[in-house]
Amino acid sequence: MQLSVQGYLQQRKRLNPEIFPYLNCKYLMDFYRSDEPRLWKGYLLIAIDGNKAKVPNSKDNREAFGNSGNQHSGKGQVRALVSGMYDVLNHFYLDIEIEHICISENELAKRNLKQLKKIGIRKPVVAVFDRGYPSLEFIDFLETRHKNHPFYHPPLDLNFGKKMTILNPFPHWDVASR
């Protein structure tokens, strides 16, 4: 069977893009229900972080994602906020959220964490965040909705000495020496 470039492009347009997140979720569900996942001391080790991403400049993108500029630049660059939840030991992105630039990283991290239930992860999880995430509201969210998933973030001054063990929610683990 021979297919022309035009025919291929027409058929590709008929493909429902929702199939890819669906298949990815099914694959992750099967993987995390098996004995294959690598664990750290019995825990899945996930990292969550966000960043701003440059988006092609168009009217639709500017409306969907907003722009980031300053007092010296007129409209500014079209940017989106991207947040990813990554399984550090098994090398999978468990979730990626792309949203308007004005949404907070904490809100996207909450959406990331909700994917743990959707994927059906029943193993205990240690979630690692950078220094931009700590807030009373976010910590309350973690403690009330994710009681079985310990979390950790580095101290605000990034002094990897005694202060790290003070903020360490696992006092029996010697985090500073790892």
Side-chain angles (χ1 to χ4, degrees), residues 15-34 36-69 76-156 158 167-170:
L15 184 61
N16 184 348
E18 294 299 315
I19 191 68
F20 297 108
Y22 173 80
L23 291 174
N24 186 54
C25 184
K26 291 296 181 188
Y27 177 81
L28 292 173
M29 289 170 82
D30 288 343
F31 178 79
Y32 285 103
R33 287 184 181 149
S34 73
E36 287 184 69
R38 294 179 56 206
L39 304 175
W40 180 73
K41 298 191 178 228
Y43 290 86
L44 282 174
L45 183 59
I46 63 170
I48 297 179
D49 199 9
N51 205 347
K52 294 175 184 169
K54 188 174 179 181
V55 178
N57 189 7
S58 72
K59 181 181 177 189
D60 290 341
N61 284 343
R62 193 171 292 281
E63 289 173 8
F65 300 113
N67 57 337
S68 73
Q77 297 274 337
V78 180
R79 299 210 184 260
L81 186 61
V82 179
S83 179
M85 179 170 60
Y86 185 72
D87 181 337
V88 177
L89 298 177
N90 296 294
H91 308 290
F92 286 119
Y93 272 98
L94 303 176
D95 186 47
I96 296 176
E97 297 288 331
I98 304 172
E99 233 344 307
H100 195 280
I101 193 72
C102 294
I103 302 291
S104 79
E105 278 188 334
N106 287 359
E107 291 304 313
L108 291 185
K110 290 176 188 177
R111 290 186 201 171
N112 290 142
L113 288 167
K114 288 178 184 176
Q115 287 299 106
L116 294 174
K117 273 189 179 176
K118 185 175 180 181
I119 296 169
I121 292 179
R122 293 184 177 93
K123 295 168 175 48
V125 172
V126 173
V128 181
F129 304 91
D130 69 19
R131 66 180 183 213
Y133 286 88
S135 71
L136 292 176
E137 187 272 332
F138 189 62
I139 291 171
D140 181 62
F141 167 82
L142 292 170
E143 289 178 347
T144 56
R145 301 234 176 113
H146 296 277
K147 292 177 184 173
N148 297 330
H149 300 162
F151 62 94
Y152 178 75
H153 65 83
L156 297 179
L158 294 178
L167 290 174
N168 181 4
F170 316 104

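Note that the structure is a prediction, hence the values are computed from the model and not measured.
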Legend entry - L89/L39 under side chain to side chain contact (heavy atoms under 4.5 Å, CB included): CA gap, chis, key distance, verdict: CA-CA 7 Å; L89 298 177; L39 304 175; 5.6 Å; no

Inset, instruction - With rounding to the nearest 0.5 Å, note down the distance linking CD in Q115 to CD1 in I46. - result: 11.5 Å

Inset, instruction - Give, for atom CG of L28 and atom CD1 of I121, the distance between the pair rounded to the nearest 0.5 Å. - result: 7.5 Å

Inset, instruction - Determine, stepwise, if the pair N24 / F92 fulfils side chain to side chain contact (heavy atoms under 4.5 Å, CB included). - result: CA-CA 10 Å; N24 186 54; F92 286 119; 6.0 Å; no

Inset, instruction - Check for a donor-acceptor pair, side chain of N61 on one end and backbone N or O of P56 on the other, with a separation under 3.5 Å. - result: yes

Inset, instruction - For L81 and S104, work out which heavy atoms get closest and say how close. - result: CD2-C, 3.9 Å

Legend entry - Heavy-atom closest pair, residues D87 and N90: OD2-ND2, 2.9 Å

Inset, instruction - Provide the closest heavy-atom pair for A109 versus S83 in the form atom of the first, atom of the second, distance. - result: N-OG, 4.1 Å

Legend entry - K110/E137 ion pair, N-O < 4.0 Å: yes

Inset, instruction - For residues F65 and E99, determine if any side-chain heavy atom of one lies less than 4.5 Å from a side-chain heavy atom of the other. - result: no

Legend entry - Interatomic spacing from CG in N106 to CZ in F141 - rounded to 0.5 Å: 10.0 Å

Inset, instruction - Using the side chain to side chain contact (heavy atoms under 4.5 Å, CB included) rule, take R62 and K59 through it: C-alpha gap first, then chi angles, then the decisive distance, then the call. - result: CA-CA 5 Å; R62 193 171 292 281; K59 181 181 177 189; 5.7 Å; no

Inset, instruction - Kindly compute the distance separating CE (M29) from CD1 (I119), expressed to the nearest 0.5 Å. - result: 8.5 Å

Inset, instruction - Would you confirm whether K123, through its side chain, and Y32, through its main-chain N or O, come within 3.5 Å as a donor-acceptor pair? - result: yes

Legend entry - Value rounded to 0.5 Å, distance of CG in L113 from CG in L94: 10.0 Å

Legend entry - Atom pair CD1/OH of I96 and Y86 - distance to nearest 0.5 Å: 10.5 Å

Inset, instruction - Count the heavy atoms belonging to other residues, nucleotides or ligands that lie under 6.0 Å from CZ of R38, then report whether that count exceeds 12. - result: no

Legend entry - Donor-acceptor contact below 3.5 Å, side chain N16 vs main chain E18: yes

Legend entry - Sole candidate of V125, I48, L108 that passes side chain to side chain contact (heavy atoms under 4.5 Å, CB included) when paired with M85: I48

Inset, instruction - Scan V82, N51, D49, N112 and name whichever one has a side chain to side chain contact (heavy atoms under 4.5 Å, CB included) with E105. - result: D49

